[in-house]
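Heads up: the structure comes next, in structure tokens.
Reminder, nothing fancy here: chain letters follow the sequence lines and each chain counts from 1. It should be emphasised that the depicted structure is a prediction, and the values quoted were computed from it without experimental measurement.
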Amino acid sequence: MIGIVNYGAGNIFSLTAALDRIHVQYGMINRKEEFDRYDRIIIPGVGHAGAAMHKLRDTGLVETILALDKPVLGICVGMQLLTAFSEEGEADLLSIVPLKTLHFDKRIDNKVPHMGWNSIHVENSHPLFRDIADNAYFYFVHSYFIEFDTAYTLAQCTYGLTFSASLQKDNFFGVQFHPEKSGKYGEQLLLNFSSIVL
Amino acid sequence: MLAKRIIPCLDVKDGRTVKGVNFVDLRDAGDPVELAWQYSEQGADELVFLDITATHEKRKTTIELVKAVARQVNIPFTIGGGINELADADILLNSGADKISINSAAVRNPQLIDDLARAFGTQFVVVAVDTRLIDGRNYVHLRGGRDKTEIETEHWIREAEDRGAGEILLTSMDHDGTKNGFDNALLKKINEQLHIPLIASGGAGNSQHFVDVFQQSNVDAALAASVFHYGEILIPELKETLKAEGIVVR
């Protein structure tokens, strides 16, 4: 069963709806004792990374998250929180993955936000991307990106530059796109996460 | 590569789709949720619902509709109509809408764009603009193109972007309903000035019109209603045509 960290950063209706569609059970985590009820954790998030980090700190759940050894999936801003730092709000983040979250502005000529369906490339096959075609399209909406790094990047995407569409460090996973809005492949990814074995 | 988006638009009144729909395999052509699901299965990249519900009391029906769509459809969708203040947008966001679209309300109160962008993020705010060419200049029109304003379209779009719009949905009222193609020249001009995505609307009659609008104006997305609803253009075939022309689609 998946526990969703409920720290008030954006609406989670779409995420729970997607989990309902694929018949994966879930519950909300508001207090640290509630982590024990679940074998997998999702950290959602939309909006401002700095503000999201503030909200997460306010919940008092940060220490527990850092100590987790079960599979954790950060989605969009929830993935950015796993990195060390974001230019959005010049914020120090969880530092689980030693990478930075940077602004697209001034680094590329393309329109910002990066909004719409873009294809991702999975370098080495990985259980998170089981039954998902290489160069499959996923739905992105973001103005900040996580650097590409061969040590942590599971899937890369290109928009003016190449960035991490998905990353992993140990039991922590992240996706920049919105699987809950990415059609059948998005649902497949959530299903894969729900059965992932470390 | 970022794909060009194809967006069917559904007009909804009191929770039911209006305008005829001609899908053979639909059980209930008036059910926006079933129609939305069909479109997502066919490969639509996104959906726009335009709520033309007459009375305030019926807004509850719209909220229920948004929830039902969010539950059953796995692609992003925008809802427009009846959004005049932050509270209207807030309830739609929490009901599962990915974006909201504002039109006349933004023209009457431009500050609404700033407020929505600050409260919910720019990615949530689509500013829809209806334009008509008069004496060689494009002017913003309200009430589905009936009421002319003194605001020049280009100026208004630039202002909307500056205030925090995340996307512009531009409908040419001169082209809308003609099925003679999009207003590619205007769209190209506007698109070159914008730093946010532009959705073209008005004039789609066949697949070639979509090829033309992407090749000539380089807009990010193209929207149409009746040609999809009546099955005159089938999305899988449209995508094949676009691909064959070298346009990146999902």
Checklist entry - Do Trp117(A) side-chain atoms and Arg5(B) backbone N/O form a donor-acceptor pair below 3.5 Å? => result no

Checklist outcome for this item: Closest non-hydrogen contact found for Tyr137(A) with Val249(B) is OH-O, 3.7 Å

Checklist entry - Do Glu187(A) and Asn74(B) get their side chains close enough for a donor-acceptor pair, meaning under 3.5 Å? => result yes

Item to check | Partner residues of Phe193(A) under the ring pair (Phe, Tyr, Trp, His ring centres under 6.0 Å) criterion, sequence neighbours left out | outcome: none

Item to check | Approximate separation, where rounding is to 0.5 Å, of Asp109(A) CG and His195(B) NE2 | outcome: 10.0 Å

Item to check | Nearest-0.5 Å distance, OH of residue Tyr139(A) to CG of residue Asp98(B) | outcome: 6.5 Å

Next on the checklist: Please check if the number of heavy atoms outside Arg107(A) that lie under 6.0 Å from its CZ is greater than 12.
Outcome noted: yes

Next on the checklist: Heavy-atom cut-off 4.5 Å, strictly under: side chain, backbone, both or neither for Glu167(B) against chain A?
Outcome noted: side chain

Checklist entry - Is the shortest distance from a Lys or Arg side-chain nitrogen in Asp20(A) or Arg71(B) to a carboxylate oxygen in the other one below 4.0 Å? => result no

Next on the checklist: Looking only at heavy atoms and a cut-off of under 4.5 Å, which of Leu194(B), Val248(B), Leu93(B) has the most pairs with chain A?
Outcome noted: Leu93(B)

May I have the list of side-chain donor-acceptor pairs in residues 118-127 of chain B shorter than 3.5 Å, sequence neighbours left out?
unit_1, atom_1, unit_2, atom_2, d
Gln123(B), NE2, Phe120(B), O, 3.1

Item to check | Heavy-atom proximity to chain A below 4.5 Å, by part of Leu198(B) | outcome: both

Item to check | Lys4(B) portion near chain A, given a 4.5 angstrom heavy-atom threshold | outcome: neither

Next on the checklist: Please classify the contact of His178(A) with chain B as side chain, backbone, both or neither, using a heavy-atom distance under 4.5 Å.
Outcome noted: neither

Checklist entry - Is it the case that more than 12 heavy atoms not belonging to Ile91(B) sit under 6.0 Å from its CD1 atom? => result no

Next on the checklist: For Phe13(A) versus Ala70(B), what's the shortest heavy-atom pair and its separation?
Outcome noted: CE2-CB, 3.6 Å

Checklist outcome for this item: Closest non-hydrogen atoms of Lys181(A) and Pro76(B), given as atom of the first, atom of the second and distance, are O-CD, 3.6 Å

Checklist entry - Quick one: which residues of residues 70-86 of chain A reach chain B at under 4.5 angstrom, heavy atoms only? => result none

Next on the checklist: Apply side-chain contact (heavy atoms from CB on, under 4.5 Å) to residues Glu46(B) and Met115(A) and explain how you reach the verdict.
Outcome noted: CA-CA 11 Å; Glu46(B) 216 171 298; Met115(A) 185 190 286; 5.8 Å; no

Item to check | Gln25(A), CD: over 12 other non-hydrogen atoms inside 6.0 angstrom | outcome: no

Checklist entry - With respect to chain B, which residue among Val141(A), Asn118(A), Thr158(A) yields the maximal number of heavy-atom pairs within a distance under 4.5 Å? => result Asn118(A)

Next on the checklist: Is it the case that atom NE2 in His54(A) sees more than 12 heavy atoms from other parts of the structure closer than 6.0 Å?
Outcome noted: no

Next on the checklist: Could you walk me through whether Lys184(A) and Glu41(B) satisfy the salt bridge (Lys or Arg N to Asp or Glu O under 4.0 Å) test, starting with their C-alpha distance in whole Å, then the side-chain angles of each, then the deciding distance to 0.1 Å, before giving a yes or no?
Outcome noted: CA-CA 9 Å; Lys184(A) 292 214 175 353; Glu41(B) 288 294 296; 2.9 Å; yes

Item to check | Choice from Ala221(B), Ser95(B), Gly166(B) maximising heavy atom contacts with chain A below 4.5 Å | outcome: Ser95(B)

Checklist entry - Can you name the closest pair of heavy atoms from Gly96(B) and Ser14(A) and give their distance? => result O-OG, 3.7 Å

Next on the checklist: If the condition is side-chain contact (heavy atoms from CB on, under 4.5 Å), which residues does Thr16(A) pass it with, not counting sequence neighbours?
Outcome noted: Ile4(A), Tyr26(A), Met28(A)

Next on the checklist: Please classify the contact of Arg250(B) with chain A as side chain, backbone, both or neither, using a heavy-atom distance under 4.5 Å.
Outcome noted: both

Checklist outcome for this item: Okay, Val112(A) and chain B: the region with an atom under 4.5 Å from a heavy atom over there is backbone

Item to check | Engaged part of Ser182(A) at the chain B interface, taking heavy atoms whose separation is under 4.5 Å | outcome: backbone

Item to check | Distance (rounded to the nearest 0.5 Å) between Lys111(A) NZ and Leu2(B) CG | outcome: 10.0 Å

